[in-house]
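All remarks here apply to the structure that follows.
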2 protein chains.
Amino acid sequence: MDIERSISALNNPVRRQILEWLKDRSNFPPALPGHEDLEGVCVAYIQEKAKLSQSTISNYMGLLKQAGFVNAERHGQWTFYRRDEKNIQAFLAAVQDELLKS
Amino acid sequence: MDIERSISALNNPVRRQILEWLKDRSNFPPALPGHEDLEGVCVAYIQEKAKLSQSTISNYMGLLKQAGFVNAERHGQWTFYRRDEKNIQAFLAAVQDELLKS
DNA sequence: TCCATAAATCGAAATATCTCGATATATTGT
DNA sequence: ACAATATATCGAGATATTTCGATTTATGGA
């Protein structure tokens with residue numbers, strides 16, 4: 001739990017928006033054929049919704065991953081990103097601790 | 001509750017450290033004579049502990065104030081800063097909401 | 001009024017972040 | 001092996017943040 005890296009990753013409205021979108025798979029187009037069982041969303045779908053360049057979104061997802069907010073799973077040529085709820089909880093607990101604990 | 005501004009203010013280790021120090025008045029030298037009743041801490045004390053320049057700390061306290069994390073109270077030539085626990089709670093609730101609420 | 005002190009603001013240099021297009025890498029299908 | 005597609009990485013320009021010293025403003029005391 002690197003709080004520095006996590007806050008830095010959250011310090012951008014598009015990255016926060018992506019984390020919100022990822023709460024619900026139905027914010028994106030249907031899964032690609034053969035990947036219906038996967039929870040995650042590919043970079044191209046996220047890019048389309050965020051309306052930023054492919055490289056920017058790839059970079060953003062890398063930052064969110066380093067911060068622990070998402071997991072990446074490669075399947076063939078696609079990387080499927082999904083929220084890591086456990087780490088998100090852990091982050092919230094850590095911030096709460098830092099801001100409130102005596 | 002401007003979450004953008006709040007996260008931005010927290011996105012700096014010294015500012016987070018200051019918020020932690022302000023949890024406990026005894027992290028700083030005793031109050032100036034005649035101000036023993038005040039909860040807050042003057043800029044000079046914070047600066048001394050943070051070991052950054054006066055202008056930097058004044059700027060930091062301004063950012064923390066704009067974000068709502070601290071209140072400023074002017075008494076004579078001093079500005080006394082203290083945590084705004086209500087707003088800190090509100091911020092935590094808002095982040096929790098943004099990160100978790102469906 | 002003049003001086004000293006505290007804090008805020010200004011201007012600037014160094015560093016970091018944002019964002020892009022171009023390129024590289026990995027994988028799949030022909 | 002080749003072409004097509006998805007993603008990652010690279011290099012760079014624009015913008016923002018960090019941090020400083022110098023200056024300004026506000027206050028209190030001699």
Side-chain angles (χ1 to χ4, degrees), chain A residues 2-19 22 28-35 38 40-67 69-82, chain B residues 2-19 22 28-35 38 40-67 69-82:
Chain A
D2 181 345
I3 210 169
E4 179 71 24
R5 178 164 283 183
S6 298
I7 290 180
S8 198
L10 284 187
N11 192 31
N12 176 291
V14 177
R15 287 195 294 266
R16 289 199 304 277
Q17 178 68 79
I18 291 170
L19 281 182
L22 287 176
F28 301 94
L32 301 161
H35 294 112
L38 277 173
V41 178
C42 68
V43 173
Y45 284 179
I46 299 169
Q47 186 204 340
E48 182 177 6
K49 229 172 141 59
K51 294 182 202 307
L52 288 176
S53 75
Q54 185 269 323
S55 63
T56 296
I57 298 303
S58 178
N59 173 29
Y60 280 10
M61 298 317 292
L63 293 175
L64 289 172
K65 183 162 125 66
Q66 281 179 48
F69 292 127
V70 299
N71 289 129
E73 210 172 320
R74 187 109 206 208
H75 281 249
Q77 46 191 160
W78 295 278
T79 304
F80 294 93
Y81 286 97
R82 67 183 197 290
Chain B
D2 179 346
I3 209 169
E4 180 71 23
R5 178 163 283 186
S6 298
I7 291 181
S8 200
L10 283 188
N11 193 30
N12 175 290
V14 176
R15 288 193 296 264
R16 289 199 303 278
Q17 177 69 78
I18 291 171
L19 282 181
L22 288 176
F28 300 94
L32 300 162
H35 294 110
L38 277 172
V41 178
C42 67
V43 173
Y45 284 180
I46 300 171
Q47 187 205 339
E48 183 177 6
K49 228 171 141 58
K51 294 181 201 306
L52 287 176
S53 75
Q54 185 271 323
S55 62
T56 297
I57 297 302
S58 179
N59 173 28
Y60 279 11
M61 298 318 293
L63 294 174
L64 289 172
K65 183 163 126 67
Q66 280 179 47
F69 292 127
V70 299
N71 290 130
E73 208 173 320
R74 187 112 208 209
H75 280 250
Q77 45 190 160
W78 295 279
T79 304
F80 294 91
Y81 287 98
R82 66 183 197 291

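By convention in this document, chain letters (A, B, ...) are assigned in the order of the sequence lines, proteins followed by strands, and residues within each chain are numbered from 1. If you're wondering where the values come from, they're calculated on a predicted model, not measured in any experiment.
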Residue-phosphate contact under 4.0 Å: A/Thr79 side-chain N/O, D/dA8 OP1/OP2: yes
Phosphate contact (C/dA6 OP1 or OP2) by B/Arg74 side-chain N/O below 4.0 Å: no
C/dA6 base / B/Gln54 side chain donor-acceptor hit below 3.5 Å: no
Integer-rounded Å distance: D/dG21 C1' and B/Ile57 CD1: 15 Å
Heavy-atom neighbours of A/Lys49 NZ exceed 12 at 6.0 Å: yes
Stepwise side-chain contact (heavy atoms from CB on, under 4.5 Å) check, A/Ile3 with B/Arg16: CA-CA 11 Å; A/Ile3 210 169; B/Arg16 289 199 303 278; 4.0 Å; yes
Euclidean distance, atom CD1 of residue B/Ile46 to atom C1' of C/dA6 [Å, nearest integer]: 13 Å
Under 4.0 angstrom between A/Tyr81 side-chain N/O and D/dA8 OP1 or OP2: yes
Length of the line joining A/Leu63:CG and D/dT7:P, which is rounded to integer Å: 17 Å
Presence of B/Ser55 side-chain N/O under 4.0 Å of D/dC20 phosphate oxygens OP1/OP2: no
Length of the line joining B/Glu73:CD and C/dA8:P, which is rounded to integer Å: 13 Å
D/dT18 phosphate, OP1 or OP2, under 4.0 Å from B/Asn12 side-chain N/O: yes
First encountered from the 5' end of DNA chain D, between A/Asn59 and A/Gln77: A/Gln77
Test log, rule side-chain contact (heavy atoms from CB on, under 4.5 Å), inputs B/Leu38 and B/Arg82: CA-CA 9 Å; B/Leu38 277 172; B/Arg82 66 183 197 291; over 6 Å; no
DNA chain C: 5'-proximal contact among A/Thr56 and A/His75 (nearest heavy atom): A/Thr56
Interatomic distance, A/Leu64 CG vs C/dT17 P [rounded to whole Å]: 14 Å
